[in-house]
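Below, chain A is the first sequence line, B the second, and so on; all start at residue 1.
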Amino acid sequence: MSTLLANLNEQQLAAVTLPPQHALILAGAGSGKTRVLTTRIAWLISTGQASPQGILAVTFTNKAAKEMLTRLTAMLPINTRGMWIGTFHGLCNRMLRAHHRDAALPQTFQILDSQDQLAAIKRLLKTLGVDDEKYPPRNLQHFVNHCKEQGLRAGQVEVWDDYNRRMVELYAAYDDQCQREGVVDFAELLLRSYELLQRNQLLREHYQHRFRHILIDEFQDTNVLQYKWIGLLAGGPERGSAAVFAVGDDDQSIYAFRGANVGNMAAFEREYRVQNLIKLEQNYRSHGHILGCANALIANNAKRLGKNLWTESGEGEPVRVYEAMTDGQESQWLVEEIRSLVAEGHLRNDVAVLYRSNAQSRVIEHALFSAGMPYRVYGGLRFFERAEIKHALAYLRLLENPDDDGAFLRVVNFPARGIGARTLEQLQDAARARGISLFAAVGGLSGAAATKLAAFTGLVARLRDETRRMPLTDLVEHLIERSGLVAHFETEKEGQERIENLRELVNAAAAFLAEEGISQDVPAREGVAVADAPMAGAGDAQPVAPIDPADGIEVLAPGVSAVRLTPLAAFLGHASLEAGENQAGEGADAVQLMTVHSAKGLEFDAVFITGLEEGLFPHENSATEPEGLEEERRLMYVAITRARQRLYLSFSQTRMLHGQTRYNLRSRFFDELPEGSLKWLTPRVGGTARGFGAPREAWSPRWESGAQHASGGARRGEWREFGHSGRDTGDNGRLSQAEQRAALRFDRGVPWRVGQNVAHARFGEGVIVGIEGSGEDARVQINFGRQGIKWLALSVARLEPVG
DNA sequence: TCACCAACTGTGTCA
DNA sequence: CAGTTGGTGA
């Protein structure tokens with residue numbers, strides 16, 4: 001016990017040892033949040049206040065769940081199998097598998113990732129003959145997910161105009177389609193689980209009785225539905241059979257785009273009448289200057305619960321800032337800096353390069369690759385999201401459930417079997433007319449097309465037969481060969497890598513079995529107990545069995561039960577819930593590349609935040625969203641607080657984006673950092689850069705308005721000018737195409753050039769990104785940062801050169 | 001039916 | 001730039 005609680009600070013200790021009552025822990029970045037959570041669980045168990053089965057701990061990412069389990073097993077020598085620790089989606093999946101009957105799902109239901117979901121929606125719109133210009137699939141996808149995240153079925157959504165009414169109808173039709181095909185999307189996992197608990201009193205009471213302690217990580221990221229789900233499990237705010245221990249940081253709420261509702265923190269405090277509110281404000285991670293930047297930045301947000309991080313470690317090194325000419329140069333500089341960090345003795349693993357969006361990784365990867373520097377990219381296209389893997393998984397899904405039309409359509413003609421769009425249209429008509437799946441409808445067709453289709457269903461049937469008693473790895477191996485996938489990619493020029501990925505799928509299956517503790521020899525399609533089932537609860541709980549024995553629940557030992565699920569079904573669930581990393585080489589010492597979002601929860605000795613430019617970070621799309629800027633600022637706050645010792649901030653004057661050169665202003669976030677904590681690695685000619693030293697009152701902090709914001713004001717030094725007289729630009733001395741074009745236009749008599757900084761009386765400062773026409777008709781396109789990109793006629797607009 | 005190419009479009013973060 | 005759609009010819 002004493003070792004368990006040793007080295008906790010006062011607030012941490014208070015949080016860990018709280019009585020079994022509702023509690024809200026406001027945990028700042030680097031304040032030991034995960035430690036508090038895991039120690040709390042260990043403390044509850046080791047003091048006998050809770051049994052492992054009585055604990056429900058929810059996180060958002062698989063990574064966080066794994067981390068918690070690892071730390072817990074290090075603290076307590078207990079079997080964690082009976083504990084419900086996992087992501088919201090993972091736990092809901094577990095619950096729905098166990099009670100699939102009550103949830104009206106086939107036990108083999110498959111999970112759609114967002115790709116699959118979009119494909120399903122496109123298919124639906126086509127079937128219904130809906131104009132997908134008027135109802136873009138992506139919009140419908142967002143609409144559906146948004147509704148589900150609010151806990152609303154189609155029948156519960158408020159209808160206010162014809163368009164919206166149609167969307168609701170399509171939502172209902174989409175749900176019908178999913179139900180017919182036995183598939184559920186991510187949001188559905190939660191909603192289905194919620195409705196199950198709400199509808200089934202016996203089941204609800206069982207879980208309420210079982211879970212005495214509910215612990216939630218990253219509470220600020222919960223959405224309305226998750227909040228309600230927790231409420232059901234906890235027996236509601238009033239009676240409260242369980243103590244809810246919520247840990248969160250409103251300043252790190254960065255998932256509003258997927259429905260997260262920071263308001264849940266305040267709501268929780270109010271509705272649950274939380275008496276125990278503890279703030280963890282001592283930061284153990286970052287040096288002073290870094291923390292100072294984070295605090296100063298986040299202070300610009302209006303809606304905060306209020307919290308200020310402090311540290312006992314000294315000021316440390318200042319935050320380094322680098323301004324590049326081009327994104328390529330930014331990456332070059334990055335490589336050099338990382339080289340010297342490594343030379344100083346840092347592990348590459350302890351160096352992270354962060355960016356706002358995945359698209360930015362490309363240039364950086366290119367530079368690292370050319371320099372022979374090992375790196376590892378997180379996110380982007382992940383292993384289980386690759387096309388060839390999805391094809392293989394579709395075959396696996398058809399073995400489990402032939403009625404899965406999405407899987408059917410994905411592979412019916414892949415590899416090509418001469419089954420074209422016309423044939424499939426006929427089949428879909430037939431299936432719809434009879435209300436059956438595509439697979440089932442094949443038998444009712446006749447003609448040449450039917451023969452080809454029958455060949456495919458025959459193949460699937462044969463594969464089913466052949467693999468009946470095969471272990472999972474053999475099955476996967478057999479399937480990628482006999483489906484014709486490997487042979488198909490062998491004929492492709494670029495197919496080798498895809499074949500390697502398919503082979504890697506066999507390894508992934510083996511690794512999955514090992515991780516789940518399933519024997520490699522168990523037949524993949526026969527039942528094996530894989531997941532803890534909610535039958536007999538904690539030791540003191542009376543065994544409630546609101547479960548139909550036909551559900552396949554098995555009691556392993558007193559108090560421990562499991563769902564009988566085939567290894568194949570479990571593997572498919574794993575593949576959709578855990579997209580997997582996209583690169584092998586876990587152990588290698590490599591620089592870590594990732595988006596700021598995926599960096600949340602991690603920390604590194606040195607962190608580079610790149611592409612700090614208006615439009616990129618803060619992202620331009622966030623401008624149209626309510627409170628979009630505040631979320632971007634929190635994102636920046638998360639990025640800064642990842643760094644332990646060294647932080648680098650960089651931006652570039654020009655950047656290739658969507659295939660064309662863009663001229664960006666540097667991010668407004670620089671204006672919000674204390675100048676004394678920054679060290680500029682590139683010269684700032686003119687003494688004051690934008691914002692610093694300028695009267696703060698002069699600019700509006702509002703995202704929406706702020707017309708008089710003194711934007712763009714870096715007095716650009718002479719050396720940064722480009723586009724005239726062929727002078728060395730500092731960028732290999734070569735003029736880019738855009739610069740050449742600009743120079744040409746300059747020769748035609750328009751006294752401005754692309755890339756030049758200008759000031760406009762109303763819009764403030766901006767940078768010229770395009771020029772058209774000449775003489776009276778000449779007009780220039782200017783990026784005014786948050787004012788947007790505008791075309792101005794030179795005969796009308798009065799522009800002042802800047803710099 | 002399918003391979004191939006041209007034109008077009010959209011481009012943010014996650015489970 | 002990349003992925004997707006649309007058209008064409010075999």
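- Residues from residues 411-420 of chain A lying near DNA chain B, meaning a heavy-atom separation below 4.0 Å, are A:N413, A:R417, A:G418, A:I419, A:G420 in numerical order.
- Under a 4.0 Å N-O distance rule, the pair A:R662/A:E620 qualifies as a salt bridge.
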Problem set entry | Contact state string [nucleotides 10-15 of chain B, B base, S sugar-phosphate only, - no protein heavy atom under 4.0 Å] | -BBBBB
What side-chain donor-acceptor pairs closer than 3.5 Å can you find for residues 415-424 of chain A, not counting sequence neighbours?
from	atom 1	to	atom 2	distance (Å)
A:R417	NH1	A:Y395	OH	3.4
A:R417	NH1	A:V411	O	2.8
A:R417	NH1	A:V412	O	3.0
A:R417	NH2	A:Y395	OH	2.7
A:R417	NH2	A:S483	O	3.3

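- Under a 4.0 Å N-O distance rule, the pair A:E630/A:K303 does not qualify as a salt bridge.
- Within a 6.0 Å sphere centred on CZ of A:R304, other residues, nucleotides and ligands contribute more than 12 heavy atoms.
- Atom CZ of A:R422 and atom C1' of B:dC2 are 15 Å apart (whole Å).
- Spacing of C1' atoms, C:dT4 relative to B:dT13, comes out at 23 Å, to the nearest Å.
- For the atom pair CG (A:L196) and OH (A:Y194), the distance works out to 12.0 Å, reported to the nearest 0.5 Å.
- For A:H146, the NE2 atom counts as loosely surrounded, since its 6.0 Å shell holds 12 or fewer non-hydrogen atoms of other residues, nucleotides or ligands.
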Exercise. Which letters describe nucleotides 4-9 of chain B, given B = protein heavy atom under 4.0 Å from base, S = only from sugar-phosphate, - = neither?
Worked result: ------
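- Between the C1' atom of C:dC1 and the CD atom of A:E365 lies a distance of 15 Å, rounded to the nearest Å.
- Annotation: the span from A:L572 atom CG to A:L577 atom CG amounts to 11.0 Å, rounded to 0.5 Å.
- With sequence neighbours excluded, the residues forming a salt bridge (charged side-chain N to carboxylate O under 4.0 Å, His left out) with A:D116 are A:K390, A:R397, listed by chain and number.
- Residues A:D217 and A:K33 are paired through a salt bridge, judged by an N-O separation under 4.0 Å between the basic side chain and the carboxylate.
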Atom pairs and distances, side-chain donor-acceptor, residues 126-136 of chain A, under 3.5 Å, sequence neighbours left out:
from	atom 1	to	atom 2	distance (Å)
A:T127	OG1	A:R123	O	2.7
A:D131	OD1	A:E133	N	2.9

